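Everything below concerns the one structure shown next.
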Amino acid sequence: MLDPFARLGIPRGFAIDRKAAEKNHRELSRALHPDRYLGAAPAERNRALSEAADVNEAWRIVRDPIRRAEALFRLAGATVGETSEPKTAPSFLMEMMELRESLDEAKSRKDPSAVTRVSAEVDSKLATLEQRFAKLFSAERTADAHEAGAALGLLGELRFYARAKETIREIQEAFEDAGA
Amino acid sequence: MLLEIFDPTARPRPIGIDLGTTHSLVAAVRNERPEVLLDCNQEALVPSIVAYDGEEIIVGTPAKARAAIHPTTTIVSVKRFMGRGGDDPETRRMGPYEFVTPKDGEANVVRFRVGRDETVTPVEVSSEILLELKRRAEDEIGTVGGVVITVPAYFDDAQRQATKDAGRLAGLDVLRLLNEPTAAALAYGLDKKKNGTFAVYDLGGGTFDVTILLLDDGVFQVKSTGGDSALGGDDMDQAIAHFFATTLGWEETKMPPAFKRLLLDTARTAKHALTDAETFTVDLPTAAGETRAVAITRAHFEELIVGLLERTGKAAKRALRDAELAAKDLDGVILVGGSTRVPAVRAYVKKIFEQEPLVDLDPDQVVALGAAIQAEMLAGDQLEEQALLLDVIPLSLGIEVGGGVVDKILPRNTTIPTAARASYTTQEDKQTGFEIHVVQGERELAADCRSLARFTLRGIPPMAAGMAKLEVTLRVNADGLLDVEAKELTTGIEQTVSVKPTYGLDDEAVEKMLMDAIDFGEDDLLRRRLAEARVEGQRILRGTEKALAADAALLEEGERAGIDIAMANLRAAIEGTEPSRVTAAIESLDKATNPFAGRRMNRAIAQAVEGRKLDEIEKGV
């Protein structure tokens with residue numbers, strides 16, 4: 001399995017130094033990009049291509065919080081995916097529905113300030129979640145399979161809030177377009 | 001330079017081609033500077049127009065004159081039809097052509113009727129333009145080597161594939177398809193030697209692209225890209241033509257094709273005139289058959305294109321957001337495309353990016369200049385400086401899953417080359433086939449996205465639902481071209497399926513066109529294969545020599561002797577006349593250098609990530 005953190009030469013953990021990761025990605029690309037191997041023998045060219053693809057995949061995983069979290073759970077030995085993750089807790093289900101409703105309402109009433117309020121709420125939820133992930137998986141100490149398995153439910157929450165953020169952005173864009 | 005032209009052993013020279021909607025250009029690096037190659041009349045632009053007149057095929061300026069007289073057999077703006085479906089009703093509204101519906105079993109591509117029994121595809125039309133550019137380059141620089149052809153960043157897989165096919169059909173060795181905005185940035189970047197973040201606003205004849213990219217010590221990294229592959233200066237012409245037609249009492253459906261063409265040409269003239277003039281007046285026939293003077297003011301023209309500009313603004317804002325940047329973070333805005341000459345466009349760009357755009361290089365030439373630089377970097381020896389382009393996929397790639405929903409596997413703006421896997425399972429007991437539908441686009445439903453390929457993975461042994469484990473891999477190479485692979489894992493059956501594009505020509509069809517076009521005899525085919533094998537062999541010899549000179553220290557004892565023998569064999573095979581011998585010699589050299597190549601690669605990785613030891617990295621792989 002690809003360890004995206006090792007591939008980019010950065011410490012394994014949820015909190016990342018984005019600048020450093022980006023810089024390493026760029027330097028690795030500079031060394032491995034297929035353009036650098038156009039005159040090389042076919043085997044070397046193919047190897048460069050797959051290495052470059054791996055480096056890009058690693059960066060795609062590391063830059064996105066959801067994919068990054070999923071990779072950390074996998075590396076800790078937990079199985080990620082709908083069938084293995086715990087069912088959503090009823091209290092969280094309620095919260096999800098309420099948030100969706102307030103967004104729908106703000107959208108139909110064309111109320112940008114209400115959207116901004118929900119957006120701030122989502123941001124703070126995401127920040128709290130990210131702190132929990134950072135604690136679970138840090139460069140100093142990383143969760144074992146048992147600990148990671150017990151925390152799998154957090155992934156669903158992260159996905160939900162990330163999607164909510166997408167929806168908020170779409171609504172805000174629609175407001176902007178209507179205003180312009 | 002006559003000697004060089006007629007010297008068959010002269011080293012082939014790489015060229016860059018901007019294959020544009022309204023016109024095309026060819027450029028090459030000469031004396032370490034990129035230069036657009038002119039024709040004997042000192043013209044840089046070749047109008048992208050191909051006229052079919054019986055046996056004769058006319059390209060460029062002479063074809064332009066024909067468009068008004070023979071509008072259905074003179075193909076204008078063919079780029080708009082590249083990679084489009086032959087049954088797409090949208091394409092039928094674009095231009096006064098006679099479209100032929102593809103027969104059963106024929107590739108679903110656009111076909112223009114250009115003679116009683118003759119049809120041509122956009123790939124063939126484009127290849128005629130490429131051939132004309134190739135001839136122009138040969139007159140100027142002698143033998144043409146590899147070529148870099150530019151495409152709009154927003155081109156999808158089918159459109160890219162069609163462009164590459166056109167290159168092959170024209171007998172060109174296509175080194176790379178390069179995104180137009182990236183090419184423009186390359187032309188500016190090497191000129192200015194400046195690090196920073198730039199936006200490229202490219203409004204061409206038929207396409208609009210906006211790209212945000214970062215320049216960092218020779219690496220050009222695309223952060224995000226957006227646009228519209230059916231929006232451009234042609235739409236401005238259409239808007240003016242529509243205004244003229246309504247004023248003159250014409251109904252769109254009742255206009256003869258030749259009049260439509262005349263109207264569009266007049267509209268274009270009006271657009272150009274209004275760059276400097278406040279009003280443009282012209283005499284045109286009314287529907288009733290009289291002649292009347294119609295006028296359009298600059299203010300009215302600007303009103304007509306407001307909606308078009310706003311569409312570009314929306315794409316620009318999204319690109320900035322995707323790059324996580326604000327307009328004020330940009331170090332410069334580069335203008336590309338003839339349509340950016342329109343004063344209203346410049347004013348609008350200044351407004352949305354909150355700064356005066358850069359206009360040092362000719363917006364018509366900047367893309368071709370960048371393509372020439374990239375071609376030289378890939379296959380030439382004239383440039384000291386080695387820049388690297390890190391491009392992205394413009395649209396998300398995904399697989400259709402239950403309920404017609406798209407499972408996005410590669411999100412837009414992913415750096416290429418790239419690969420990603422996704423796992424699926426069967427829905428029904430004893431299901432032995434699994435349909436895989438690959439789509440491109442941002443919408444949630446597959447029906448709203450562009451369908452790229454559809455195929456069925458067969459031969460899955462009957463199992464209970466949910467037991468089979470299907471793994472689909474999407475690979476995108478450095479040209480932005482897609483390759484799909486599907487496997488069933490639990491039974492150990494590995495099936496690799498090569499994708500037949502939904503819109504486009506498969507390899508066989510292109511091969512057949514090649515044969516038809518050049519009327520190959522067996523000897524010709526052999527000669528062509530030999531020439532290709534020789535070019536490849538020479539390329540590899542040069543690469544190996546370079547690697548040996550740079551890293552002799554990485555060689556193990558006795559290794560050099562084996563490599564030297566393999567190189568000598570390859571040289572001898574190139575001197576010979578058997579293409580298969582050249583291929584075999586390349587393979588042997590490949591084997592001989594393999595361990596050495598591995599060591600070089602590992603060291604490159606280690607050096608790229610500072611402070612990490614080689615063994616640590618090997619564990620991570």
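Bear in mind the structure is a predicted one, so any value in this text is a computation, not a measurement. The basis for the numbers below is simple: all heavy atoms, side chains too, and nothing from hydrogens, waters or symmetry mates. Residue numbering restarts at 1 for every chain, and letters A, B, ... go by the order of the sequence lines.
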Checklist entry - Can you tell me how far CD of A:Glu173 sits from NZ of B:Lys317, rounded to the nearest 0.5 angstrom? => result 9.5 Å
Next on the checklist: As a quick check of understanding, evaluate side chain to side chain contact (heavy atoms under 4.5 Å, CB included) for B:Leu378 and A:Asp35, giving each step before the final call.
Outcome noted: CA-CA 7 Å; B:Leu378 292 176; A:Asp35 284 2; 3.5 Å; yes
Item to check | Stepwise side chain to side chain contact (heavy atoms under 4.5 Å, CB included) check, B:Thr593 with A:Glu44 | outcome: CA-CA 9 Å; B:Thr593 53; A:Glu44 191 175 355; 5.7 Å; no
Item to check | Rounded distance [0.5 Å steps], CD in B:Glu324 versus CZ in A:Arg63 | outcome: 7.0 Å
Next on the checklist: Is the shortest side-chain heavy-atom distance between A:Leu32 and B:Met601 below 4.5 Å?
Outcome noted: yes
Item to check | Rounded distance [0.5 Å steps], CZ in B:Arg421 versus CG in A:Leu2 | outcome: 8.0 Å
Next on the checklist: If I measure from the heavy atoms of chain B, does A:Ala58 come under 4.5 Å with its side chain, its backbone, both, or neither?
Outcome noted: neither
Checklist entry - With only heavy atoms counted, which part of B:Arg176 is less than 4.5 Å from chain A, the side chain, the backbone, both or neither? => result side chain
Checklist entry - Hey, which of A:Arg36, A:His33, A:Glu27 has the most heavy atom pairs under 4.5 Å with chain B? => result A:His33
Checklist entry - Less than 4.5 Å apart, any side-chain heavy atom of A:Arg47 and any of B:Asn594? => result no
Item to check | CG-OG1 distance between A:Asn56 and B:Thr418, expressed to the nearest 0.5 angstrom | outcome: 5.5 Å
Item to check | SB check A:Arg30 B:Asp217 (cutoff 4.0 Å) | outcome: no
Checklist entry - Heavy-atom distance under 4.5 Å to chain B: side chain of A:Arg67, backbone, both or neither? => result side chain
Item to check | Contacting moiety of B:Leu214, where chain A heavy atoms sit under 4.5 Å | outcome: side chain
Checklist entry - Is the shortest side-chain N to carboxylate O distance from B:Lys408 to A:Glu166 below 4.0 Å? => result no
Item to check | Heavy-atom neighbours of B:Arg443 CZ exceed 12 at 6.0 Å | outcome: no
Checklist entry - Checking salt bridge (charged side-chain N to carboxylate O under 4.0 Å, His left out) for the pair B:Glu536/A:Arg45: CA distance, chi angles, key distance, verdict? => result CA-CA 13 Å; B:Glu536 173 75 0; A:Arg45 229 181 312 174; 2.9 Å; yes
